[in-house]
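Below you'll find the structure, written out as structure tokens, and then a few comments.
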Amino acid sequence: MCTVQVDGIALKSCLMLAPQLEGACVRTVESLAVDNKLNGLQASFHRHHALQCGFCTPGFLMLATSIVERGEMLSRDEIREEISGVLCRCTGYENIISAIHEYLQETVAANPQSVAKELV
Ligand code: FES
């Protein structure tokens, strides 16, 4: 849904008041692309057609960014559990799970150090 990163942690912005963010580093989906090019995680979402509405897709990308920045390889079931807090009723989530899982396989499983470099 409305997930953003606050000081590196994925949080729902709709549940926060602006004064709570004073002095915090707030990161939104606009921070992900570099030089107008999708980063690897965004490209994986694109490849898998891992789309929701215009509110939810950015939120999923920011939640997925927090997941992959931890540098842990997760199973599909673990990814499903990780995203369980941001589901709506509009569609299914298999493509999102596939996008995150593929990105983790390409980066974390191959070279854990590469995730932090690309996403920061
Ligand atoms: Fe965004 Fe359901 S509310 S896809």
Side-chain angles (χ1 to χ4, degrees):
M1 301 288 175
C2 54
T3 304
V4 299
Q5 276 190 346
V6 178
D7 291 333
I9 299 170
L11 296 173
K12 293 178 183 172
S13 63
C14 60
L15 298 179
M16 302 186 77
L17 299 173
Q20 293 175 287
L21 300 172
E22 187 168 331
C25 176
V26 179
R27 193 170 168 213
T28 66
V29 74
E30 287 79 10
S31 70
L32 299 183
V34 178
D35 296 331
N36 282 331
K37 288 187 175 179
L38 300 180
N39 73 15
L41 182 60
Q42 290 173 302
S44 186
F45 269 62
H46 186 263
R47 271 194 308 281
H48 288 275
H49 305 286
L51 302 174
Q52 299 287 117
C53 75
F55 296 104
C56 296
T57 301
F60 270 107
L61 281 164
M62 295 314 295
L63 176 60
T65 296
S66 292
I67 292 169
V68 301
E69 284 180 344
R70 294 198 321 244
E72 302 169 14
M73 188 62 214
L74 301 178
S75 68
R76 292 180 66 89
D77 284 343
E78 289 169 325
I79 294 169
R80 187 172 285 111
E81 179 68 25
E82 291 276 347
I83 68 171
S84 65
V86 294
L87 304 183
C88 68
R89 300 179 196 159
C90 298
T91 184
Y93 300 92
E94 288 305 308
N95 291 0
I96 291 173
I97 292 166
S98 294
I100 297 169
H101 192 251
E102 179 185 271
Y103 186 74
L104 287 172
Q105 286 179 315
E106 291 174 351
T107 56
V108 173
N111 179 6
Q113 303 301 325
S114 66
V115 175
K117 282 183 197 164
E118 181 180 343
L119 292 177
V120 172

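Ligands are counted one by one from 1 in listed order, and the atoms in each one are counted from 1 as well.
Looking at E78 and R70, no side-chain N of the basic residue comes within less than 4.0 Å of a carboxylate O on the acidic one, giving no salt bridge.
Those atoms of ligand 1 that come under 4.0 Å of a heavy atom in Q52, given as number and element, are 4 (S). Close approach to C88 involves these atoms of ligand 1, each under 4.0 Å from a residue heavy atom: 2 (Fe), 3 (S), 4 (S).
Contacts with ligand 1 closer than 4.0 Å are made by heavy atoms of both the backbone and the side chain of C53.
Taking Ile, Leu, Val, Met, Phe, Trp and Tyr as members and joining any whose side-chain heavy atoms lie under 4.5 Å apart, directly or through other members, the hydrophobic cluster of V6 also contains V4, I9, L11, M16, L21, V26.
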Counting only pairs under 3.5 Å, give me each side-chain donor-acceptor contact of residues 45-56, with atom names and distances, residues two or more places apart or in other chains.
| from | atom 1 | to | atom 2 | distance (Å) |
| --- | --- | --- | --- | --- |
| R47 | NE | E102 | OE2 | 3.0 |
| R47 | NH2 | E102 | OE2 | 2.6 |
| H48 | NE2 | E102 | OE1 | 3.1 |
| H48 | NE2 | E102 | OE2 | 3.4 |

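In summary, of the residues considered (L32, I100, T3), a side-chain contact (heavy atoms from CB on, under 4.5 Å) with T65 occurs for L32 alone.
Taking 2.8 Å as the threshold, C56 counts as a candidate ligand of atom 1 (Fe) of ligand 1, since one of its N, O or S atoms lies below it. C90 lies close to atom 2 (Fe) of ligand 1, since one of its N, O or S atoms is found at a distance under 2.8 Å.
Side chain of N39 to main chain of A33: no donor-acceptor pair is present (N/O by atom type, distance under 3.5 Å, no hydrogens or angles).
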